[in-house]
Amino acid sequence: MNLKHIEAFRAVMLAGSMTAAAKELFTSQPNISRLITQLERETGLLLFQRSGVRLIPTSEGNAFFREVERAYVGLQGLSNAAAQIKNLGSGRLRIAAMPSAGLTLVPHVIKRFQALRPEVTVSLHVNTSGTINHWTSSQFCDLGVAVYRSEASTCEVEMLSEVAAVCVMPAGHRLAKKRVLKAEDFQGEPFISLCHGDGTRAQMDEAFDRVGVERVLAIEAQYSAICCEMVRCGMGVTLAHPIVARDFAGPEVEIRPFKPSVMFPTYLLFPPHQPRDRLTLEFVDLLRQEHNELLENLEKPRRASRR
DNA sequence: GATGTCGAAAGCAAGCAGTC
DNA sequence: GACTGCTTGCTTTCGACATC
């Protein structure tokens, strides 16, 4: 039994004769006759009573027709689903982001995206860059935002940006007297560091080791935002992504540039061997716009303070 | 990738049965 | 007997599959 058998049966039931059904389906009457015979043979049902030139549906035929109509509602649903997929892909967008992006940048992008595409469901998953590499490689998510790309990752990668880390310290801290901080200034300073294994941790350590500076590494945290929160509590100083640091700037926290530059790269990760759908590309466009605007806003106060 | 073979699907034509 | 509708046999077309 295939779709043609069902189509022929349904057409005969609706049109009232094989001849009319054949016209409906743009085929020949003998073809319809054979399809109905095959359907009866395969189902073991007598679908029509041949009474002279008239075809009269049997009770079995009527019962089968009700099931066929129910199945057609499902087929119509498939048709609608196909149209939606054509327009919107799966109709769902799964984003995975590292905390520095997932807690600040991405929510703003989702807000803009929802204004354009209210019919699309967006899910945001925040985790470490390593996990984001894994999620994107395995196609669990449509887009990943991470600070580094894993060696083992098969993702397609594009760089979003690379910005210099800034120093975050409690208000009134002795280092806040300087306009720009150097690695040497951190000698003996309680430092809240990212955990080993984080993409930028090694860079930070190298910047201090190069000039022989020993910090007091008493506290480690997995995410920059947590480091900044601990700074606000007066537990030490840290280096952080400027977009993350911006959210903590205020009466309790001060931010200064740091030299030599420790760069925070941000990568966009795409699932491998998979064409990028329209929704993902639209989201990436908005992500780039929002990111550029955030960076421009970060620059403005610095320019103003130089005047 | 090109070619040959096989089987399923579909059309044409003829025949059969019922109705008017 | 003419018309209508269904069934059946024959033929053609097309796609799947195997082989080279």
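Chain letters run A, B, ... following the sequence lines, proteins first and then strands; every chain starts at 1. The basis for the numbers below is simple: all heavy atoms, side chains too, and nothing from hydrogens, waters or symmetry mates.
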Exercise. Rounded to the Å, how far apart are Leu35(A) CG and dA8(B) C1'?
Worked result: 12 Å
Exercise. Does dT4(C) have OP1 or OP2 sitting under 4.0 Å from an N or O in the side chain of Thr19(A)?
Worked result: no
Problem set entry | Length of the CD1-P vector between Ile32(A) and dA9(B), whole Å | 14 Å
Exercise. Separation of Phe48(A) atom CZ from dA17(B) atom P, in whole Å?
Worked result: 22 Å
For this session: Kindly indicate, with the supporting measurements, whether the criterion ring pair (Phe, Tyr, Trp, His ring centres under 6.0 Å) is fulfilled by Phe208(A) and Phe258(A).
Result: CA-CA 11 Å; Phe208(A) 291 105; Phe258(A) 177 79; 5.6 Å; yes
Exercise. How long is the line joining CG of Asn31(A) and P of dG11(B), in whole Å?
Worked result: 5 Å
Seminar exercise, completed: Walking DNA chain B from its 5' end, the first of Pro30(A) and Gln38(A) to be reached, judged by nearest nucleotide, is Gln38(A)
For this session: Select base, sugar-phosphate, or nothing to describe what Ser33(A) touches, counting heavy atoms under 4.0 Å on all strands.
Result: base
For this session: Could you pick out which residue, Arg34(A) or Gln29(A), lies toward the 5' side of DNA chain B when each is mapped onto its nearest nucleotide?
Result: Arg34(A)
Problem set entry | Donor-acceptor pair, side chain of Gln203(A) and main chain of Met263(A), under 3.5 angstrom | yes
Problem set entry | Leu47(A) CG to dT7(C) P, straight-line distance once rounded to whole Å | 12 Å
Problem set entry | Arg276(A) to Phe270(A), cation-pi by 6.0 Å centre distance and 45° axis angle | yes
Exercise. Is Glu184(A) paired with Arg210(A) through a side-chain N to carboxylate O contact shorter than 4.0 Å?
Worked result: no
